[in-house]
Amino acid sequence: MAVTNERQQLLDRRPQGLDLGPTGRGGDRLFGGLAKGSGIAVIALVVFVGGFLLWLAVPALRANQASFLFSREWMPGIQPPRFGIVDLLWTTVLVSGFALLLAVPVAVGVALFLTHYAPRRVAGPVTYVVDLLAAVPSIIFGIWGIKELAPKLAPLSSFLSGNLGGFPLLRPGIADNGTVFVAGVVLAIMILPIVTAFTREVFAQAPREHKEAALALGATKWEMIRLTVLPYGRSGMVSAAMLGLGRALGETIAIMIILSKPSPDSPFNPSLFAGGETFASKIANNAAEFDSPTKTGAYIAAGLVLFVLTFVVNAIARLILQHSERKHA
Amino acid sequence: MAKRIDVSDLDIYYGAFKAVEGVNMTVEPRSVTAFIGPSGCGKSTMLRTLNRMHEVVPGARVEGKVLLDDQDLYGPDVDPVAVRRVVGMVFQRPNPFPTMSIYDNVASGLKLNGVRNKATLDAAVERSLKGANLWKEVQDRLNRPGGSLSGGQQQRLCIARAIAVEPQVLLMDEPCSALDPISTLAIEDLVAQLKEKYTIVIVTHNMQQAARVSDNTAFFNLAGQGKPGKLIEMDSTQRIFSNPSEKATEAYITGRFG
Ligand SMILES: Nc1ncnc2c1ncn2[C@@H]1O[C@H](COP(=O)(O)OP(=O)(O)OP(=O)(O)O)[C@@H](O)[C@H]1O
Ligand SMILES: [Mg+2]
């Protein structure tokens with residue numbers, strides 16, 4: 001082979017002169033400006049919406065005669081109004097937390113299967129089907145949940161509340177099927193795609209060199225996953241869960257269709273087998289009665305609490321993600 | 001402890017692509033064998049067949065025999081996981097487990113083998129870190145993450161991790177290529193010490209390194225792009241570097257590469 005030729009080619013590839021002049025940054029400036037502009041616009045929009053909601057909510061909160069955060073009453077229509085969100089907060093957190101508890105282990109399992117166990121021709125279709133779940137409208141989930149799933153879950157519900165009813169969360173609740181339990185199962189299915197997609201992404205990024213290090217030490221596949229993939233993906237799993245939680249907190253239609261509204265004077269029941277209303281379903285259920293400014297303001301105030309809750313959850317997810325990115329940089 | 005490796009008629013494939021062809025070689029116990037040759041000739045591929053890491057790549061497979069003393073590594077009831085527990089490996093880029101402490105990195109292999117006893121682990125960690133010439137530098141910060149060390153220290157940590165399980169063979173794929181000259185010398189000294197206990201195979205692009213550390217040298221080459229790599233010759237390092245039998249070997253080691 002032409003030895004000298006190859007060497008000459010390598011030498012020729014060295015930079016010839018030294019050019020430190022401008023490199024044409026007009027495009028940079030234009031797109032930089034556009035990006036900055038849209039960033040500011042989005043922030044302005046959020047501030048504007050937030051401000052508008054506050055402006056509507058504050059008069060109602062001022063007029064409120066009950067404790068907004070701690071009262072179980074919800075009578076924004078009377079004079080003076082009395083309303084509190086503690087029931088809504090509890091049901092929202094309970095149903096979302098329960099959904100998360102069901103969804104995350106399944107999502108982690110599916111993600112591990114897709115990234116490390118399934119052959120490629122299986123992984124593709126399965127990924128597609130899981131993603132397809134995200135495309136099912138939530139109203140379908142609601143109808144399916146209450147008509148199909150709820151009767152099938154009823155024996156399990158009565159078994160649990162019958163045998164473990166001593167635990168406050170499993171105390172017997174309402175007679176019909178519209179329980180937090182059923183709603184949580186449906187919500188879990190609804191958030192499964194996003195949690196799976198996100199965990200799958202982090203698991204797939206676990207560095208090959210670390211996986212090979214584990215295998216070369218004589219790790220089995222599962223040991224390799226435990227040693228490298230799971231620690232690497234831990235923060236990703238947490239933020240995936242937070243994203244799922246954020247979505248669960250705000251879900252409206254399916255919850256509204258499934259959950260039975262308790263009568264206003266029924267005693268507080270913390271159980272999974274009780275009915276209830278979440279922030280979102282409460283507001284949607286009563287959208288027809290936003291007739292007085294005080295009433296509207298009360299619902300908006302409740303909506304604002306949901307907004308803050310979701311915001312905090314998302315912020316935590318983001319913080320965890322950033323922290324881990326810095327760690328792996 | 002240290003074992004002899006006998007390779008016969010080994011062909012190595014990535015799917016349909018034959019990367020290495022017809023290798024026959026013997027690696028003596030308690031010796032250092034260097035693999036040299038131009039980039040892409042299959043040194044890493046060959047090395048990774050010796051602990052069955054090759055087949056980690058989807059579609060990768062081998063034909064032929066690799067005997068460790070008298071046992072065929074590719075025999076029907078041989079578990080690759082078991083093979084890797086006796087044939088350790090150090091990679092080109094230092095790859096300590098980043099979320100684990102220095103201590104846990106070194107102990108990880110033992111824990112995989114089911115060792116739970118704290119005293120045993122402590123002793124093994126200290127012995128391995130001393131064996132890798134790293135103990136003095138890290139003894140007072142064993143709980144810091146492995147990723148907090150310098151590149152050279154990380155590589156010695158990886159060596160400590162590999163020797164903690166007392167393997168019979170130690171494979172090293174360009175272990176110094178990401179390191180500065182001082183760390184490189186430290187690792188070379190270490191290799192010279194380790195060969196008293198282990199059979200060592202080391203891939204290197206550095207001729208001086210091959211000449212310094214190895215007892216035997218295997219030269220690989222490939223006939224052209226897309227053709228499989230071959231073992232051109234294998235002999236004592238002294239002979240390969242002074243009076244090789246093949247023209248190609250001489251051309252390569254004197255820098256007239258082609
Ligand atoms: N994972 C892989 N999949 C497919 N082909 C591969 C893979 N790894 C290596 N090869 C091919 O196998 C041949 C030998 O590669 P190998 O990495 O063993 O060479 P090498 O001698 O170690 O080179 P270098 O000195 O650059 O490390 C090359 O043609 C390479 O393209
Ligand atoms: Mg290589």
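Order of the sequence lines sets the chain letters (A, B, ...), proteins ahead of strands, with each chain counted from 1. Just the heavy atoms: all of them, side chains too, but no hydrogens, waters or symmetry mates, feed the values below.
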Over 12 non-hydrogen atoms of neighbours within 6.0 angstrom of CZ in Arg141(B)
yes
With a 4.5 angstrom heavy-atom cut-off, could you sort out which part of Val90(B) is near chain A: side chain, backbone, both or neither?
neither
Taking CZ in Phe307(A) as the centre, count heavy atoms belonging to other residues, nucleotides or ligands within less than 6.0 Å. Is the count above 12?
no
Does Arg318(A) have more than 12 heavy atoms from other residues, nucleotides or ligands lying within 6.0 Å of its CZ?
no
Is chain B contacted by the side chain of Thr228(A), its backbone, both, or neither, given a heavy-atom distance below 4.5 Å?
side chain
Can you tell if the side chain of Thr99(B) reaches within under 4.5 Å of the side chain of Tyr232(A), non-hydrogen atoms only?
no
Identify the heavy atoms of Phe91(B) and Glu212(A) that sit nearest to each other, and give their distance.
CE2-OE1, 3.4 Å
Kindly check if the number of other-residue, nucleotide or ligand heavy atoms within 6.0 Å of CZ (Arg247(A)) is above 12?
no
Hey, is NZ on Lys230(B) packed in by over 12 heavy atoms from elsewhere, all under 6.0 Å?
no
Is it the case that atom CZ in Phe311(A) sees more than 12 heavy atoms from other parts of the structure closer than 6.0 Å?
no
Would you say that Leu217(A) contacts Arg84(B) through its side chain, given a criterion of any heavy-atom pair below 4.5 Å between the two side chains?
no
Sort Val81(B) into side chain, backbone, both or neither according to what part of it lies under 4.5 angstrom from a heavy atom of chain A.
both
Just wondering, more than 12 heavy atoms not from Phe17(B) lying within 6.0 Å of its CZ?
yes
For chain B, which residues of residues 184-209 of chain A have at least one non-hydrogen atom nearer than 4.5 Å to it?
Glu209(A)
Specify the closest pair of heavy atoms between Arg161(B) and Ala213(A), including all atoms of both residues, with the distance to one decimal.
NH2-CB, 3.4 Å
So which of Met53(B), Arg52(B), Met89(B) has the largest heavy-atom pair count under 4.5 angstrom toward chain A?
Met53(B)
Which atoms of Arg48(B) approach chain A - backbone, side chain, both or neither, heavy atom under 4.5 Å
side chain
So which atom in Ala216(A) and which in Asn51(B) form the shortest heavy-atom distance, rounded to 0.1 Å?
CB-ND2, 4.4 Å
Which bit of Pro80(B) is near chain A, if near means a heavy-atom gap under 4.5 Å: side chain, backbone, both or neither?
neither
Evaluate the criterion side chain to side chain contact (heavy atoms under 4.5 Å, CB included) for residue pair Thr220(A) and Leu112(B); output intermediate values, then yes/no.
CA-CA 9 Å; Thr220(A) 61; Leu112(B) 286 177; over 6 Å; no
Less than 4.0 angstrom from a charged side-chain N to a carboxylate O is my criterion; do Glu223(A) and Lys111(B) meet it?
no
